[in-house]
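Worksheet: one structure, shown below.
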Amino acid sequence: MPKITIVDEKDTVIGSEERSIARAKGLRHRIARVFVLNSEGKVLLQKRSERLADNPGKWDQSAGGHVDEGEDYLMAIKRETFEELGINPEVFIEIGKFYIEREISSGFLRRFQTIFTCTWNGPIHFAQAEVAEIDWFSSQEIDAWLARSPDDFTKNFARA
């Protein structure tokens, strides 16, 4: 199993560890997230597979995941976008970053999360092991849905 990047309170890399150990010990680590936009200004969202341990069956950003050992945020989001959606956008734009801490059943999450956007208008071949379905939504549709049914989304979706 690949190790994930471990960081200090300033998001400086200090090592790597297996994901399960990082959670059990509450080690700070990195997550990269991307919102894919099309030329109509719609946002691609994914519904996470029911088989996933974290937020199963919840709607989330277009793609995202842990920053693995030896990667930076941009390398990770390029890998995750290809793994989850089967696409290789040319340009990713970093639009923000936030930090979360919360208790989970297997330990404690401490994560820096960096958000990117990119544009894609071609076909998408999502990884069915991780993604149950995908769809394009306007920002107004997402805002209304989030206000109406926040539990349909992952815990950090609204903040992202």
Side-chain angles (χ1 to χ4, degrees), residues 4-11 19-20 22-23 26-68 71-87 89 91-121 124 126-160:
I4 61 173
T5 299
I6 304 301
V7 296
D8 66 14
E9 65 280 350
K10 294 183 179 168
D11 198 19
R19 185 184 324 185
S20 60
R23 288 179 176 196
L27 302 175
R28 285 183 189 89
H29 55 280
R30 293 174 164 179
I31 299 290
R33 304 167 71 116
V34 66
F35 289 93
V36 177
L37 307 172
N38 66 17
S39 58
E40 298 174 9
K42 291 194 171 185
V43 181
L44 181 71
L45 298 185
Q46 68 160 273
K47 185 175 185 184
R48 295 171 57 82
S49 169
E50 291 287 346
R51 295 176 282 204
L52 296 176
D54 288 336
N55 295 289
K58 302 288 185 177
W59 285 89
D60 207 354
Q61 75 273 328
S62 309
H66 290 85
V67 176
D68 287 345
E71 291 182 325
D72 61 20
Y73 285 107
L74 182 58
M75 292 166 64
I77 205 54
K78 286 180 177 182
R79 175 183 49 77
E80 290 287 351
T81 302
F82 184 74
E83 287 177 2
E84 293 181 15
L85 303 175
I87 66 174
V91 177
F92 289 82
I93 300 169
E94 184 178 328
I95 60 169
K97 183 183 208 175
F98 65 94
Y99 179 76
I100 63 107
E101 287 190 1
R102 69 179 165 87
E103 196 168 345
I104 58 171
S105 61
S106 60
F108 204 81
L109 287 182
R110 289 185 172 93
R111 294 176 164 174
F112 284 97
Q113 302 197 29
T114 297
I115 315 302
F116 294 87
T117 63
C118 67
T119 301
W120 185 260
N121 290 298
I124 296 172
F126 64 88
Q128 295 180 359
E130 292 188 51
V131 181
E133 64 182 282
I134 59 171
D135 206 347
W136 296 95
F137 300 92
S138 70
S139 58
Q140 295 86 357
E141 289 172 314
I142 295 169
D143 289 345
W145 184 10
L146 192 55
R148 181 178 66 249
S149 302
D151 290 340
D152 288 353
F153 296 88
T154 61
K155 291 173 181 59
N156 294 307
F157 178 84
R159 188 155 182 203

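- Partners of Arg159 under the salt bridge (charged side-chain N to carboxylate O under 4.0 Å, His left out) rule, at least two apart in sequence or in another chain, do not exist in this structure.
- For the side chain to side chain donor-acceptor pair (under 3.5 Å) test, no residue two or more places apart in sequence or in another chain qualifies with Ser149.
- Asp68 pairs by the side chain to side chain donor-acceptor pair (under 3.5 Å) definition with Arg79, not counting sequence neighbours.
- Applying the side chain to side chain contact (heavy atoms under 4.5 Å, CB included) criterion to Ile95, with sequence neighbours excluded, gives Ile93, Ile115, Thr117.
- Within the structure, no pair that satisfies the salt bridge (Lys or Arg N to Asp or Glu O under 4.0 Å) test touches residues 137-157, not counting sequence neighbours.
- By the side chain to side chain contact (heavy atoms under 4.5 Å, CB included) test, Ser139 pairs with no residue at all, sequence neighbours left out.
- For Glu133, the salt bridge (charged side-chain N to carboxylate O under 4.0 Å, His left out) criterion is met by no residue, not counting sequence neighbours.
- Partners of Thr119 under the side chain to side chain donor-acceptor pair (under 3.5 Å) rule, at least two apart in sequence or in another chain, do not exist in this structure.
- Taking the salt bridge (charged side-chain N to carboxylate O under 4.0 Å, His left out) definition, one finds that Asp11 meets it with Arg30, Lys97, sequence neighbours left out.
- Scanning for salt bridge (charged side-chain N to carboxylate O under 4.0 Å, His left out) contacts around Arg19 gives an empty result, with sequence neighbours left out.
- Partners of Phe153 by ring-ring contact (aromatic ring centres under 6.0 Å, His included), not counting sequence neighbours, listed by chain and number: Trp145, Phe157.
- Not counting sequence neighbours, the partners of Glu40 by the side chain to side chain contact (heavy atoms under 4.5 Å, CB included) test are Asn38, Lys42.
- The aromatic rings of Phe116 and Phe92 lie perpendicular to each other, with more than 60° between the two planes, well past the 30° mark.
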